[in-house]
Amino acid sequence: MAYTPKPIVTAPAWTKEKIGDEVPNDPIALVGPNSIFVITRIYQESSSIGTPTIYRVREFTNDLKTKLAQFDLNLSDLAGAEGDARQASAYYYNGYYYMIVPTTSKSGSYAIDMTTPSDLLLLQFDKNWKIVKYKNLSQNHEDIETFVTGFKIYKDFFLVTYKKGMPFVGLLNIYDQNFNLVLSETVKEKGEGRSALEITDGRIYVGFSGGQGPPPPGAKNKFPKNQSSKPPKAEIYIFEFDEE
């Protein structure tokens, strides 16, 4: 339907980034009321508390021919919003932009986000990307909660898919308009890979990619020791949405 004539950003390969580099893997695509946003992450030295949390936002016209704006969304000053920016999700709904981001929750030195204790932070922005309100959604600050790659709003409920713990468990959480948890469902016991979330006609589709598989040459030290070397398998789970 539309595409940019050339890449909007290029960056070093994974494990080759330097502080301040833009990280284009796991970008966020956000369809707004009159434009389209692409959100990436800014690489930091580590995921530890005290490290900035910065996302880069680009806004395009609906046909993607013109870039309207570009700015950095710095969330570091929020309570509990410190640590290298990680895989997050965003959504536009009823006049507001929303983001769910993982943030470091425990002091210590952490090299990669897959082993960093982290909480989920839900943020609401106005049309100018000014924060209206935010809330920490997590119940246990010791948990690893990351890869928030599924996020939708349906009938005033917030639905989120992400990964928790080590080894990872794939979860579907549902929150009300006050950001209170109303349902938590374990979708997959070993939630390797990224999650995807779609909703149509009262039916929820949760997909998990097959997982990372064996590490590439020269990057073994960047993976947890329990990283699977088995051929990955992708799966889709289907739920019925019941407001009762």
Side-chain angles (χ1 to χ4, degrees), residues 14-15 23-31 38-41 47 85-91 93 98-102 112-122 137-140 142-155 157-176 181-217 219-220 222-244:
W14 184 62
T15 75
V23 183
N25 64 320
D26 296 300
I28 302 169
L30 170 60
V31 179
V38 178
I39 305 174
T40 59
R41 300 173 284 139
S47 299
R86 280 166 255 171
Q87 293 84 354
S89 284
Y91 199 79
Y93 179 74
Y98 294 86
M99 282 186 70
I100 297 186
V101 302
I112 57 175
D113 56 8
M114 288 185 286
T115 61
T116 303
S118 48
D119 288 341
L120 300 184
L121 192 68
L122 175 59
L137 301 178
S138 301
Q139 306 294 315
N140 186 348
E142 302 291 325
D143 284 335
I144 299 171
E145 296 176 301
T146 187
F147 292 100
V148 189
T149 49
F151 177 35
K152 299 290 182 181
I153 301 176
Y154 180 75
K155 293 186 177 181
F157 289 96
F158 298 81
L159 293 88
V160 186
T161 56
Y162 64 101
K163 296 200 299 186
K164 177 179 179 179
M166 180 63 73
F168 286 121
V169 173
L171 291 178
L172 166 66
N173 280 5
I174 301 179
Y175 303 87
D176 63 19
L181 180 67
V182 296
L183 176 69
S184 183
E185 181 79 20
T186 297
V187 179
K188 189 174 182 180
E189 290 293 342
K190 293 183 179 180
E192 295 182 0
R194 310 295 196 267
S195 63
L197 175 65
E198 294 294 339
I199 305 173
T200 177
D201 298 327
R203 187 167 281 184
I204 304 168
Y205 298 84
V206 180
F208 280 92
S209 62
Q212 185 67 49
K220 292 183 179 180
K222 295 288 285 187
F223 285 76
K225 292 182 179 180
N226 62 352
Q227 178 69 56
S228 173
S229 60
K230 297 180 180 180
K233 295 180 180 180
E235 297 175 329
I236 297 176
Y237 299 82
I238 303 174
F239 300 86
E240 296 288 343
F241 192 92
D242 185 355
E243 296 182 41
E244 297 180 358

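All residue numbers refer to positions in the sequence shown, counting from 1.
- Interatomic distance, OG1 of Thr161 versus CD1 of Ile100, reported as 9.0 Å (0.5 Å rounding).
- Ring to ring, Tyr237 and Tyr205 are not that close: their centroids are 6.0 angstrom or more apart.
- At distances below 3.5 Å, at least one donor-acceptor pair connects side-chain atoms of Thr149 with backbone N or O atoms of Ser195.
- Judged by distance alone, with hydrogens and angles left aside, the side-chain atoms of Lys155 form no donor-acceptor pair with the main-chain N or O of Gly202 at under 3.5 Å.
- Considering all non-hydrogen atoms of both residues, Ile144 and Phe168 come closest at CG2-CE2, 4.0 Å.
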Would Asn173 and Leu181 count as a side-chain contact (heavy atoms from CB on, under 4.5 Å) here? Give the steps.
CA-CA 7 Å; Asn173 280 5; Leu181 180 67; 3.9 Å; yes

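- Contact check on Lys163 versus Glu145 returns no salt bridge, with no Lys/Arg side-chain nitrogen under 4.0 Å from an Asp/Glu carboxylate oxygen.
- More than 12 non-hydrogen atoms from other residues, nucleotides or ligands lie less than 6.0 angstrom from CD1 of Ile238.
- Residue Met99 comes nearest to Ala88 through the heavy atom pair CE-CB, 4.3 Å, listed as atom of the first residue, atom of the second, then distance.
- Between Leu159 and Leu197, the closest side-chain pair of non-hydrogen atoms falls below 4.5 Å.
- In terms of heavy-atom proximity, Gly150 sits nearest to Ser89 at N-OG, 3.5 Å.
- Checked against the 6.0 Å centroid threshold, Tyr154 and Phe241 count as a close aromatic pair.
- Val160 and Tyr175 make their closest contact through CG2-CE1, 4.0 Å (heavy atoms, listed as atom of the first residue, atom of the second, distance).
- Inter-residue side-chain proximity for Arg194 and Phe208 is flagged as unmet; no heavy-atom pair is nearer than 4.5 Å.
- A distance of 11.0 Å separates OG1 of Thr200 from NZ of Lys152, quoted to the nearest 0.5 Å.
- Here CG of Leu120 is found 10.5 Å from CD of Gln139. Values are rounded to the nearest 0.5 Å.
- Under the 30°/60° scheme for interplanar angles, the aromatic rings of Phe151 and Phe158 are found to lie parallel.
- Remark: Ile28 CD1 to Asp26 CG distance equals 9.0 Å, nearest 0.5 Å.
- Put simply, the side chain of Asp143 does not reach to within 4.5 Å of the side chain of Pro117, judged on heavy atoms.
- In terms of modelled atom types and a separation under 3.5 Å, the side chain of Thr116 and the main chain of Ser47 share no donor-acceptor contact.
- Tyr162 and Thr146 get closest at one heavy-atom pair: CB-O, 3.5 Å.
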Quick one, Val169 with Leu171, criterion side-chain contact (heavy atoms from CB on, under 4.5 Å). Give me CA distance, side-chain angles, the key distance, then yes/no.
CA-CA 6 Å; Val169 173; Leu171 291 178; 4.1 Å; yes

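- Side-chain contact between Arg86 and Ser118 is present, with heavy atoms from C-beta onward closer than 4.5 Å.
- Between the Arg41 side chain and the Asn25 main chain, a donor and an acceptor come within less than 3.5 Å of each other.
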